[in-house]
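Down below is the structure, laid out as C-alpha coordinates.
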Amino acid sequence: MSIEIRNLRKRFDDFDALKNINLTLKEGKLTALLGPSGSGKTTLLRIIAGLESADSGEVRFFGENITKQSPKNRGIGFVFQHYALFKHMSVFENIAFGLKVRPKALRPSKEAIKAKVMELLKMVQLESLAKRYPSELSGGQKQRVALARALAIEPKVLLLDEPFGALDAKVRVDLRKWLRRLHDEIHITSIFVTHDQEEALELSDEIVIMNSGAIEQVGTPESVYEHPANPFVYSFLGNVNLFKARIKEGMLVTESGEHETFFVRPNEIEISFTKKYGSHEGQILHHRILGQRIILEVQIDEGENAQIVEVQIDKATLNEIRQREAKNIYVNFLNLKAYRSDEQSWSEYVI
Ligand code: ADP
Ligand code: MG
(Lines give C-alpha, C1' and ligand atoms only; values in the text may rest on other atoms or scores of the structure.)
(Ligands and ions follow the chains in the order given, each with its own letter.)
Protein backbone atom coordinates (compact mmCIF):
# COMPACT_ATOMS: atom_id res chain seq x y z
CA MET A 1 0.00 0.00 0.00
CA SER A 2 1.53 3.28 -1.05
CA ILE A 3 -0.07 6.08 0.94
CA GLU A 4 -1.56 5.56 4.37
CA ILE A 5 -3.32 8.23 6.36
CA ARG A 6 -4.03 7.53 10.01
CA ASN A 7 -6.25 9.51 12.39
CA LEU A 8 -5.60 12.78 10.61
CA ARG A 9 -7.22 15.89 12.08
CA LYS A 10 -7.04 19.53 11.08
CA ARG A 11 -8.80 22.52 12.60
CA PHE A 12 -8.83 26.10 11.34
CA ASP A 13 -9.70 28.18 14.42
CA ASP A 14 -12.80 26.40 15.69
CA PHE A 15 -13.65 24.78 12.36
CA ASP A 16 -13.00 21.06 11.84
CA ALA A 17 -11.66 20.91 8.29
CA LEU A 18 -10.62 17.23 8.65
CA LYS A 19 -12.22 14.98 11.23
CA ASN A 20 -10.15 11.89 11.91
CA ILE A 21 -9.34 10.76 8.38
CA ASN A 22 -8.22 7.15 7.85
CA LEU A 23 -7.42 6.14 4.31
CA THR A 24 -5.20 3.76 2.39
CA LEU A 25 -4.40 4.52 -1.22
CA LYS A 26 -3.22 1.89 -3.66
CA GLU A 27 0.13 1.99 -5.36
CA GLY A 28 0.12 2.82 -9.07
CA LYS A 29 -3.53 3.84 -9.06
CA LEU A 30 -5.26 7.11 -9.81
CA THR A 31 -7.46 7.99 -6.86
CA ALA A 32 -9.96 10.85 -6.94
CA LEU A 33 -10.83 12.86 -3.83
CA LEU A 34 -14.37 13.87 -4.68
CA GLY A 35 -16.66 16.11 -2.66
CA PRO A 36 -18.45 19.44 -2.63
CA SER A 37 -16.61 22.70 -2.21
CA GLY A 38 -15.38 23.10 1.38
CA SER A 39 -15.40 19.36 2.17
CA GLY A 40 -11.66 19.32 2.96
CA LYS A 41 -10.19 17.88 -0.26
CA THR A 42 -7.52 20.54 -0.76
CA THR A 43 -6.61 20.51 2.93
CA LEU A 44 -6.09 16.73 2.79
CA LEU A 45 -4.03 16.97 -0.40
CA ARG A 46 -1.89 19.77 1.04
CA ILE A 47 -1.21 17.74 4.17
CA ILE A 48 -0.21 14.75 2.01
CA ALA A 49 2.10 17.11 0.11
CA GLY A 50 3.52 18.61 3.31
CA LEU A 51 2.36 22.11 2.36
CA GLU A 52 0.09 22.14 5.41
CA SER A 53 0.60 20.42 8.73
CA ALA A 54 -2.00 18.29 10.49
CA ASP A 55 -2.95 18.85 14.13
CA SER A 56 -2.63 15.13 14.77
CA GLY A 57 -2.29 11.90 12.84
CA GLU A 58 0.15 10.38 10.46
CA VAL A 59 0.95 10.22 6.75
CA ARG A 60 2.99 7.26 5.51
CA PHE A 61 4.48 6.89 2.04
CA PHE A 62 5.43 3.33 1.08
CA GLY A 63 5.67 2.28 4.71
CA GLU A 64 7.69 5.29 5.86
CA ASN A 65 6.26 7.87 8.24
CA ILE A 66 6.78 11.18 6.44
CA THR A 67 4.47 13.32 8.58
CA LYS A 68 7.30 15.63 9.59
CA GLN A 69 9.21 15.67 6.31
CA SER A 70 9.39 18.81 4.19
CA PRO A 71 7.54 18.79 0.85
CA LYS A 72 10.72 18.62 -1.17
CA ASN A 73 11.86 15.42 0.53
CA ARG A 74 8.58 13.61 -0.08
CA GLY A 75 9.12 12.83 -3.77
CA ILE A 76 5.91 14.44 -4.96
CA GLY A 77 4.86 16.28 -8.10
CA PHE A 78 2.09 18.86 -7.71
CA VAL A 79 -0.28 20.36 -10.28
CA PHE A 80 -2.64 23.15 -9.21
CA GLN A 81 -5.79 24.56 -10.77
CA HIS A 82 -4.08 27.78 -11.71
CA TYR A 83 -1.16 27.23 -13.95
CA ALA A 84 1.76 28.06 -11.75
CA LEU A 85 4.18 28.21 -14.69
CA PHE A 86 7.16 30.57 -14.61
CA LYS A 87 6.10 33.34 -16.97
CA HIS A 88 9.60 34.44 -17.93
CA MET A 89 10.69 30.89 -18.87
CA SER A 90 9.97 28.97 -22.05
CA VAL A 91 8.08 25.68 -21.98
CA PHE A 92 11.41 23.85 -22.17
CA GLU A 93 12.89 25.82 -19.27
CA ASN A 94 9.76 25.39 -17.16
CA ILE A 95 9.93 21.61 -17.50
CA ALA A 96 13.72 21.52 -16.98
CA PHE A 97 13.54 23.72 -13.86
CA GLY A 98 13.16 21.01 -11.22
CA LEU A 99 16.21 19.16 -12.58
CA LYS A 100 18.37 22.25 -13.08
CA VAL A 101 17.97 23.40 -9.47
CA ARG A 102 19.15 20.11 -8.02
CA PRO A 103 22.39 20.19 -6.06
CA LYS A 104 25.33 19.59 -8.34
CA ALA A 105 25.94 16.03 -7.20
CA LEU A 106 22.36 15.00 -8.07
CA ARG A 107 21.93 17.14 -11.16
CA PRO A 108 21.78 15.31 -14.49
CA SER A 109 24.08 16.50 -17.30
CA LYS A 110 22.82 19.17 -19.70
CA GLU A 111 22.30 16.52 -22.39
CA ALA A 112 20.45 14.24 -19.98
CA ILE A 113 18.15 17.12 -18.94
CA LYS A 114 17.48 17.93 -22.59
CA ALA A 115 16.65 14.30 -23.37
CA LYS A 116 14.35 14.08 -20.34
CA VAL A 117 12.51 17.30 -21.26
CA MET A 118 12.05 16.17 -24.86
CA GLU A 119 10.71 12.82 -23.64
CA LEU A 120 8.22 14.61 -21.37
CA LEU A 121 7.19 17.02 -24.13
CA LYS A 122 6.48 14.03 -26.33
CA MET A 123 4.47 12.42 -23.57
CA VAL A 124 2.26 15.50 -23.12
CA GLN A 125 2.12 15.99 -26.90
CA LEU A 126 3.74 19.42 -26.97
CA GLU A 127 7.01 18.68 -28.79
CA SER A 128 6.54 21.55 -31.21
CA LEU A 129 5.99 24.16 -28.50
CA ALA A 130 9.23 23.85 -26.52
CA LYS A 131 10.31 27.42 -27.27
CA ARG A 132 7.01 29.11 -26.49
CA TYR A 133 6.33 31.14 -23.37
CA PRO A 134 3.31 30.49 -21.10
CA SER A 135 1.50 33.58 -22.45
CA GLU A 136 1.58 31.96 -25.91
CA LEU A 137 -0.23 28.80 -24.76
CA SER A 138 -3.90 27.88 -24.32
CA GLY A 139 -5.18 26.90 -20.88
CA GLY A 140 -5.14 23.20 -21.75
CA GLN A 141 -1.57 23.42 -23.07
CA LYS A 142 -0.44 25.21 -19.91
CA GLN A 143 -1.84 22.43 -17.76
CA ARG A 144 -0.04 19.82 -19.84
CA VAL A 145 3.20 21.75 -19.35
CA ALA A 146 2.47 21.93 -15.61
CA LEU A 147 2.03 18.16 -15.60
CA ALA A 148 5.26 17.58 -17.53
CA ARG A 149 7.07 19.87 -15.10
CA ALA A 150 5.67 17.96 -12.12
CA LEU A 151 6.76 14.63 -13.68
CA ALA A 152 10.29 15.83 -14.58
CA ILE A 153 11.67 15.08 -11.13
CA GLU A 154 10.29 11.53 -11.36
CA PRO A 155 8.09 11.82 -8.28
CA LYS A 156 6.82 8.77 -6.45
CA VAL A 157 3.44 10.42 -6.03
CA LEU A 158 1.60 12.85 -8.28
CA LEU A 159 -0.91 15.22 -6.66
CA LEU A 160 -3.39 17.19 -8.75
CA ASP A 161 -5.77 19.78 -7.28
CA GLU A 162 -8.65 20.50 -9.68
CA PRO A 163 -6.12 20.73 -12.53
CA PHE A 164 -8.81 21.18 -15.18
CA GLY A 165 -11.09 23.37 -13.07
CA ALA A 166 -10.33 26.60 -14.89
CA LEU A 167 -10.72 25.18 -18.40
CA ASP A 168 -13.81 25.24 -20.57
CA ALA A 169 -16.04 22.18 -20.80
CA LYS A 170 -14.77 20.72 -24.07
CA VAL A 171 -11.07 21.04 -23.14
CA ARG A 172 -11.81 19.60 -19.70
CA VAL A 173 -13.38 16.48 -21.17
CA ASP A 174 -10.54 16.03 -23.69
CA LEU A 175 -7.84 16.44 -21.03
CA ARG A 176 -9.66 14.06 -18.72
CA LYS A 177 -9.49 11.31 -21.37
CA TRP A 178 -5.92 12.21 -22.19
CA LEU A 179 -4.83 12.01 -18.54
CA ARG A 180 -6.56 8.65 -18.15
CA ARG A 181 -4.63 7.24 -21.14
CA LEU A 182 -1.39 8.77 -19.90
CA HIS A 183 -1.88 7.21 -16.49
CA ASP A 184 -2.47 3.83 -18.11
CA GLU A 185 1.03 4.19 -19.58
CA ILE A 186 2.99 5.52 -16.62
CA HIS A 187 1.08 4.08 -13.61
CA ILE A 188 2.31 6.71 -11.18
CA THR A 189 0.50 6.73 -7.82
CA SER A 190 -1.75 9.77 -8.26
CA ILE A 191 -4.33 11.69 -6.23
CA PHE A 192 -6.70 13.89 -8.15
CA VAL A 193 -8.95 16.41 -6.36
CA THR A 194 -12.24 17.31 -8.02
CA HIS A 195 -15.77 18.41 -7.15
CA ASP A 196 -17.04 17.08 -10.50
CA GLN A 197 -18.52 13.61 -10.11
CA GLU A 198 -18.42 12.89 -13.83
CA GLU A 199 -14.72 13.68 -13.92
CA ALA A 200 -14.06 11.39 -10.94
CA LEU A 201 -16.19 8.57 -12.35
CA GLU A 202 -14.53 8.69 -15.75
CA LEU A 203 -10.96 9.27 -14.71
CA SER A 204 -10.16 7.35 -11.60
CA ASP A 205 -9.44 3.81 -10.47
CA GLU A 206 -10.75 4.59 -6.98
CA ILE A 207 -12.93 7.35 -5.59
CA VAL A 208 -12.83 8.74 -2.06
CA ILE A 209 -16.04 10.65 -1.42
CA MET A 210 -15.67 13.42 1.14
CA ASN A 211 -18.23 15.55 2.93
CA SER A 212 -17.73 18.06 5.76
CA GLY A 213 -14.20 16.96 6.57
CA ALA A 214 -15.00 13.24 6.68
CA ILE A 215 -14.91 10.29 4.28
CA GLU A 216 -18.33 8.98 3.25
CA GLN A 217 -17.20 6.09 1.05
CA VAL A 218 -14.21 4.64 -0.80
CA GLY A 219 -14.47 2.36 -3.81
CA THR A 220 -14.17 1.91 -7.54
CA PRO A 221 -16.30 4.24 -9.69
CA GLU A 222 -18.63 1.37 -10.50
CA SER A 223 -19.04 0.23 -6.90
CA VAL A 224 -19.71 3.67 -5.41
CA TYR A 225 -22.17 4.49 -8.19
CA GLU A 226 -24.00 1.16 -8.02
CA HIS A 227 -23.80 0.75 -4.25
CA PRO A 228 -23.71 4.21 -2.66
CA ALA A 229 -23.19 3.94 1.09
CA ASN A 230 -25.81 6.53 2.02
CA PRO A 231 -28.12 9.23 0.63
CA PHE A 232 -25.30 11.80 0.47
CA VAL A 233 -23.22 9.60 -1.84
CA TYR A 234 -26.28 8.62 -3.87
CA SER A 235 -27.26 12.23 -4.45
CA PHE A 236 -23.74 13.48 -5.04
CA LEU A 237 -22.91 10.93 -7.74
CA GLY A 238 -25.89 11.53 -10.00
CA ASN A 239 -29.29 13.04 -10.41
CA VAL A 240 -31.93 11.79 -8.05
CA ASN A 241 -35.68 11.87 -7.60
CA LEU A 242 -36.97 11.75 -4.06
CA PHE A 243 -40.36 10.12 -4.18
CA LYS A 244 -42.74 9.89 -1.23
CA ALA A 245 -44.81 6.75 -1.11
CA ARG A 246 -45.26 3.56 0.82
CA ILE A 247 -45.36 -0.10 0.01
CA LYS A 248 -48.77 -1.64 0.44
CA GLU A 249 -49.31 -5.31 -0.44
CA GLY A 250 -46.23 -5.26 -2.66
CA MET A 251 -47.35 -2.14 -4.51
CA LEU A 252 -46.06 1.37 -4.31
CA VAL A 253 -48.87 3.69 -3.30
CA THR A 254 -48.91 7.46 -2.98
CA GLU A 255 -52.27 7.91 -1.26
CA SER A 256 -52.11 9.85 2.01
CA GLY A 257 -50.82 8.10 5.09
CA GLU A 258 -47.38 7.42 6.46
CA HIS A 259 -44.77 7.80 3.72
CA GLU A 260 -41.21 6.78 3.14
CA THR A 261 -38.78 8.66 0.94
CA PHE A 262 -37.63 6.58 -2.01
CA PHE A 263 -34.57 7.36 -4.10
CA VAL A 264 -34.71 6.72 -7.81
CA ARG A 265 -32.50 7.97 -10.64
CA PRO A 266 -34.09 9.54 -13.76
CA ASN A 267 -32.55 6.77 -15.89
CA GLU A 268 -34.09 4.10 -13.66
CA ILE A 269 -37.64 5.09 -14.54
CA GLU A 270 -39.43 3.96 -17.67
CA ILE A 271 -42.52 5.36 -19.26
CA SER A 272 -45.20 3.48 -21.16
CA PHE A 273 -48.32 4.45 -23.04
CA THR A 274 -50.41 1.66 -21.60
CA LYS A 275 -50.88 0.61 -18.01
CA LYS A 276 -48.52 -2.05 -16.71
CA TYR A 277 -48.48 -3.93 -13.42
CA GLY A 278 -47.28 -1.53 -10.74
CA SER A 279 -47.19 1.54 -12.98
CA HIS A 280 -48.39 5.00 -11.96
CA GLU A 281 -50.38 7.33 -14.08
CA GLY A 282 -48.62 10.60 -14.73
CA GLN A 283 -49.06 13.82 -16.59
CA ILE A 284 -46.27 15.26 -18.73
CA LEU A 285 -45.46 18.80 -17.65
CA HIS A 286 -42.30 19.65 -19.63
CA HIS A 287 -39.34 18.16 -21.36
CA ARG A 288 -35.79 19.44 -21.53
CA ILE A 289 -33.39 18.40 -24.27
CA LEU A 290 -29.84 18.27 -22.91
CA GLY A 291 -27.96 17.09 -25.99
CA GLN A 292 -28.18 13.30 -25.95
CA ARG A 293 -30.30 13.16 -22.81
CA ILE A 294 -33.92 14.17 -22.67
CA ILE A 295 -35.52 14.80 -19.31
CA LEU A 296 -39.26 14.52 -18.98
CA GLU A 297 -40.95 16.15 -16.00
CA VAL A 298 -43.94 14.07 -14.99
CA GLN A 299 -46.49 14.83 -12.31
CA ILE A 300 -47.84 11.85 -10.45
CA ASP A 301 -51.11 12.28 -8.52
CA GLU A 302 -52.87 15.54 -7.87
CA GLY A 303 -53.61 18.04 -5.15
CA GLU A 304 -51.66 17.55 -1.96
CA ASN A 305 -50.37 14.14 -3.11
CA ALA A 306 -48.91 15.58 -6.32
CA GLN A 307 -45.22 14.82 -6.91
CA ILE A 308 -42.99 15.62 -9.82
CA VAL A 309 -40.43 13.09 -11.03
CA GLU A 310 -37.79 13.53 -13.71
CA VAL A 311 -37.54 10.67 -16.19
CA GLN A 312 -34.67 10.25 -18.62
CA ILE A 313 -35.89 9.19 -22.04
CA ASP A 314 -34.35 8.82 -25.49
CA LYS A 315 -35.12 10.63 -28.71
CA ALA A 316 -37.29 7.79 -30.05
CA THR A 317 -39.52 7.96 -26.97
CA LEU A 318 -39.81 11.74 -27.28
CA ASN A 319 -40.81 11.30 -30.93
CA GLU A 320 -43.45 8.79 -29.94
CA ILE A 321 -44.82 11.19 -27.29
CA ARG A 322 -45.04 13.90 -29.94
CA GLN A 323 -46.66 11.60 -32.49
CA ARG A 324 -49.28 10.44 -30.05
CA GLU A 325 -49.65 13.98 -28.65
CA ALA A 326 -49.52 12.18 -25.33
CA LYS A 327 -50.23 14.22 -22.19
CA ASN A 328 -50.86 11.30 -19.88
CA ILE A 329 -48.50 8.36 -19.66
CA TYR A 330 -47.54 5.62 -17.19
CA VAL A 331 -44.43 5.67 -15.08
CA ASN A 332 -42.63 2.49 -14.00
CA PHE A 333 -39.96 2.57 -11.34
CA LEU A 334 -37.22 0.09 -12.20
CA ASN A 335 -35.05 0.53 -9.13
CA LEU A 336 -36.26 2.08 -5.92
CA LYS A 337 -34.30 2.42 -2.73
CA ALA A 338 -35.23 3.66 0.69
CA TYR A 339 -32.63 4.47 3.33
CA ARG A 340 -33.06 3.32 6.92
CA SER A 341 -31.02 5.78 8.90
CA ASP A 342 -31.33 3.77 12.13
CA GLU A 343 -29.67 0.76 10.46
CA GLN A 344 -27.62 2.88 8.06
CA SER A 345 -28.57 0.65 5.16
CA TRP A 346 -30.71 0.63 2.05
CA SER A 347 -33.79 -1.38 1.30
CA GLU A 348 -34.22 -2.09 -2.38
CA TYR A 349 -37.55 -2.68 -4.01
CA VAL A 350 -38.55 -4.32 -7.21
CA ILE A 351 -42.15 -3.51 -7.90
P1 ADP B 1 -12.23 21.83 -0.68
O2 ADP B 1 -10.89 21.73 -1.34
O3 ADP B 1 -12.91 20.52 -0.52
O4 ADP B 1 -13.12 22.85 -1.35
P5 ADP B 1 -10.75 22.96 1.55
O6 ADP B 1 -9.89 21.85 2.01
O7 ADP B 1 -10.11 24.01 0.71
O8 ADP B 1 -12.03 22.36 0.81
O9 ADP B 1 -11.40 23.67 2.78
C10 ADP B 1 -12.11 22.98 3.77
C11 ADP B 1 -12.63 23.98 4.76
O12 ADP B 1 -11.56 24.52 5.50
C13 ADP B 1 -13.36 25.15 4.12
O14 ADP B 1 -14.49 25.46 4.90
C15 ADP B 1 -12.35 26.26 4.16
O16 ADP B 1 -12.97 27.51 4.27
C17 ADP B 1 -11.54 25.94 5.41
N18 ADP B 1 -10.14 26.38 5.24
C19 ADP B 1 -9.26 25.91 4.35
N20 ADP B 1 -8.06 26.52 4.49
C21 ADP B 1 -8.20 27.40 5.52
C22 ADP B 1 -7.32 28.33 6.15
N23 ADP B 1 -6.04 28.44 5.77
N24 ADP B 1 -7.83 29.05 7.17
C25 ADP B 1 -9.12 28.91 7.58
N26 ADP B 1 -9.97 28.06 7.02
C27 ADP B 1 -9.55 27.31 6.00
MG1 MG C 1 -10.17 22.69 -3.08
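Whatever order the structure lists them in is the order used to number ligands and atoms, beginning at 1.
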**Study point:** Subset of ligand 1 atoms that lie under 4.0 Å from at least one heavy atom of P36
**Key:** 3 (O)
Check your understanding: Does any N or O atom in F15 lie less than 3.5 angstrom from one in ligand 1, N or O only?
Key -> no
Exercise for review: Taking the six-membered ring for Trp and the full ring for Phe, Tyr or His, determine whether the centres of Y339 and F263 are under 6.0 Å apart.
Suggested key: no
Point to revise | CG/D13: more than 12 non-hydrogen atoms of other groups inside 6.0 Å | key: no
Point to revise | Atoms in ligand 1 with a heavy atom of A17 nearer than 4.0 Å | key: 12 (O)
Point to revise | Hydrophobic cluster (4.5 angstrom, side-chain heavy atoms) - remaining members for I153 | key: none
Check your understanding: For atom 10 (C) of ligand 1, is the nearest protein heavy atom under 4.0 Å away?
Key -> yes
Check your understanding: Which salt bridge (charged side-chain N to carboxylate O under 4.0 Å, His left out) pairs, counting each pair once, include a residue from residues 88-98, with sequence neighbours left out?
Key -> none
Review point. Of all the non-hydrogen atoms in the protein, which one sits nearest to atom 17 (C) of ligand 1, and at what distance?
Key: F12 CD1, 3.8 Å
**Study point:** T42 backbone or side-chain N/O/S under 2.8 Å from the Mg ion (ligand 2)
**Key:** yes
Check your understanding: Are the aromatic ring centres of H280 and F333 under 6.0 angstrom apart?
Key -> yes
Exercise for review: Give yes or no for whether the N/O distance cutoff of 3.5 Å, strictly under, is met between G40 and ligand 1.
Suggested key: yes
